[in-house]
There are 2 protein chains.
Amino acid sequence: MNGPDVELPENVALAWGLRDRPSRGPKRSLSLDQVVAAGIQIAQAEGLPAVSMSRVASELGVATMSLYRYVPTKHDLLDLMVDTAFGPPPPPRGVDEGWRPALSRWGEGNVTALRRQPWMRHVPISGPPINPNQVRWLEYGLAALRGTGLRASERIAAIMLVSGYARSWATLTADIAEAAARTGSTPEEVGLRYWQHLATLTAPGPYPAIHELLAEGEQYDDDVDLEWRFGLDRILDGVAAMIETRAAAPSG
Amino acid sequence: MNGPDVELPENVALAWGLRDRPSRGPKRSLSLDQVVAAGIQIAQAEGLPAVSMSRVASELGVATMSLYRYVPTKHDLLDLMVDTAFGPPPPPRGVDEGWRPALSRWGEGNVTALRRQPWMRHVPISGPPINPNQVRWLEYGLAALRGTGLRASERIAAIMLVSGYARSWATLTADIAEAAARTGSTPEEVGLRYWQHLATLTAPGPYPAIHELLAEGEQYDDDVDLEWRFGLDRILDGVAAMIETRAAAPSG
DNA sequence: GCAGATAAGCGTATGGCATACGCAGATTTG
DNA sequence: CAAATCTGCGTATGCCATACGCTTATCTGC
């Protein structure tokens, strides 16, 4: 059930279920999964700020300090929540599938996950992927790029590109959606108001590129998913160009 | 000195200096800029968590609650800090300069700014760019793409692509640098340790793409700036391809 | 030059928060 | 059955943002 006791950081071992249940002492009344699930449920229902240790504890019917028998710090709990809520990645590259649809699906999966659980965007990234689902996502992302001739660091940079863009995009749209919900209006109205504010503020100054943008006015009724696809396709185009270069002159 | 009283949100008007100094009442003993500067100084010296209202106040020799005469909430202060600390964008596209070097410089500017003030990455993004320097950055980013044939939403998506990637990258490298500083080791050692942990954790499971990556082993002594450039060049390649498409078949 | 209006600084208080510490009781091992 | 060990958790500490209202300084209109 669990691997050898490696010199892993406590929180990582915890996330991977590598901490042996002690034999002495009373049985635990909860499991780590329950704690994490309670945290996720609160975050999803009431937003990340509602997730306090005492709130999670009361949700589970235990005292606040009991949680610290399961989790070293609150931040570790948040990391676990994100890892669990992200869930498993979308299906990996099929045997006869090209790298591009696979990486595209991977990117879409990123936004989908972030959109489904928008509170996740407020949990600060704590470092490179190390928790179980994060590593699974990493695996599938890299798998999409196997055999493309890209070097190791290039494959990593490529998936960072996609996931970073997905995160930016999901964050922006979620911020707008929340602003809309808060003011009882629609995302379109929030977007419109933003452009109006921008117009007002830049009117007296030298902002030719912004004014040109506003003059086109086409962005008011844009399909946001189209805009996201545009950026994703540009990334994939760039990666494709690199792969072709590598194919033409393979690195030794 | 200030424009007409538009129906702007309080914090935006504040950031743009559009709040008329009241004529009645005692003179203020501070300026908003001083408050923001004090916040930045603390964040830079001791990290973002050290920035509390009372800490900023004591730095300025005033009482905590005095700050609220200058700033509606702490979050508004953080936004102002970020806008100020980002500073002005790098030089805009020159008259005879192509879009690509200009956008490249703009992207580099993003990472440079974030690297110079690493605490900024921990301030949650509160929405689309609306504060003065943010808007200036927006202007220069868009200016780099003027006359390329890209549509308004495409120009926006392109600069989101670059800035999002810059932020991801700066965040990752800063996280690693801070972990190194905390443990008294070098970023290279932190990176190595990460790969070792990943190897340990994925050893028992089916992670072929990760194992392949680890087998190449080339990432241990990589120049991180090269990796950043790789991703940026891929984005620019993708944008270039799009621009060529548009040039071949102009949109009506 | 004075009265009323207004704003500044800020003392105090409220209600939150993460978490350190140690104890009482449960459970298991020898 | 005794020693060891772990659980749940009560209590306490020291933070935090910020609401409220008072005092005092300053300006405007008369």
Side-chain angles (χ1 to χ4, degrees), chain A residues 5 10-11 13-14 18-36 38-39 42-43 46-81 119 122-124 126, chain B residues 2 5 10-11 13-14 17-36 38-39 42-43 46-81 119 122-124 126:
Chain A
D5 233 34
E10 182 63 22
N11 49 350
L14 216 57
L18 297 177
R19 275 295 166 263
D20 298 321
R21 63 290 175 250
S23 48
R24 304 265 242 268
K27 278 162 191 154
R28 317 192 118 184
S29 62
L30 302 170
S31 69
L32 178 56
D33 286 347
Q34 276 179 281
V35 176
V36 171
I42 296 166
E46 304 168 41
L48 195 63
V51 180
S52 70
M53 294 305 266
S54 68
R55 182 77 178 69
V56 173
S58 80
E59 200 75 14
L60 292 165
V62 300
T64 304
M65 291 311 292
S66 304
L67 298 184
Y68 288 95
R69 295 282 177 195
Y70 298 85
V71 142
T73 71
K74 181 187 177 179
H75 200 118
D76 294 315
L77 172 57
L78 292 178
D79 281 346
L80 291 170
M81 285 166 56
W119 55 268
H122 293 128
V123 179
S126 57
Chain B
N2 42 26
D5 234 33
E10 183 63 22
N11 49 350
L14 216 58
L18 297 178
R19 274 294 166 263
D20 297 321
R21 63 290 174 254
S23 46
R24 306 267 241 267
K27 277 164 192 153
R28 319 191 116 184
S29 62
L30 302 170
S31 69
L32 178 55
D33 286 348
Q34 276 179 280
V35 176
V36 171
I42 296 166
E46 305 169 39
L48 194 63
V51 179
S52 69
M53 294 304 265
S54 69
R55 182 77 177 69
V56 173
S58 80
E59 200 74 14
L60 291 164
V62 301
T64 305
M65 292 311 292
S66 305
L67 298 184
Y68 288 95
R69 295 281 176 193
Y70 298 85
V71 144
T73 72
K74 181 187 178 181
H75 200 120
D76 294 315
L77 172 58
L78 293 178
D79 282 347
L80 291 170
M81 284 167 55
W119 54 269
H122 292 129
V123 179
S126 56

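To find a chain, count down the sequence lines: A is the first, B the second, and so on, and within it residues start at 1.
- A straight line from CG of A/D20 to P of D/dT5 spans 16 Å, rounded to a whole angstrom.
- Each of B/L14, B/V62, B/V35, B/L77 was checked for a side-chain contact (heavy atoms from CB on, under 4.5 Å) with B/Y70, and the lone residue meeting it is B/V35.
- Per the geometry, CZ belonging to A/R28 stands 21 Å off P belonging to C/dG25, to the nearest Å.
- Closest heavy-atom contact between A/A50 and A/I42: O-CG2, 3.8 Å.
- Side chain of B/R28 to main chain of B/R69: a donor-acceptor pair is present (N/O by atom type, distance under 3.5 Å, no hydrogens or angles).
- Mapping A/V62 and A/P22 onto DNA chain D by nearest heavy atom places A/P22 closer to the 5' end of the strand.
- Across A/K74 and A/S52, no two heavy atoms sit closer than the pair NZ-CA, 4.3 Å.
- OP1 or OP2 of D/dG8 sits under 4.0 Å from a side-chain N or O of A/Y70.
- Nearest heavy atom pair, residue A/S29 against residue A/Q34, reads O-OE1, 4.2 Å.
- In terms of heavy-atom proximity, B/T73 sits nearest to B/V71 at O-CG1, 2.7 Å.
- Remark: C1' of D/dC16 and CG of B/L77 are 15 Å apart, rounded to the nearest angstrom.
- What separates CZ of A/R69 from P of C/dA26 is a distance of 16 Å, to the nearest Å.
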Atom pairs, N/O to N/O, protein against nucleotides 28-30 of chain C, distance under 3.5 Å?
unit_1	atom_1	unit_2	atom_2	d
C/dT29	O4'	A/R24	NH1	3.1

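- Across all their heavy atoms, A/S126 and A/H75 have their closest contact at CB-NE2, 4.2 Å.
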Which atoms of nucleotides 11-21 of chain C (N or O only) lie under 3.5 Å from a protein N or O atom, and what are those distances?
unit_1	atom_1	unit_2	atom_2	d
C/dC17	OP1	A/S52	OG	3.2
C/dA18	OP1	A/M53	N	3.3
C/dA18	OP1	A/K74	NZ	3.0
C/dA18	OP2	A/M53	N	3.1
C/dT19	OP2	A/Y68	OH	3.0
C/dT19	OP2	A/K74	N	2.9

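- Taking OG of A/S66 as the reference point, atom CG of A/L30 lies at 7.5 Å (rounded to 0.5 Å).
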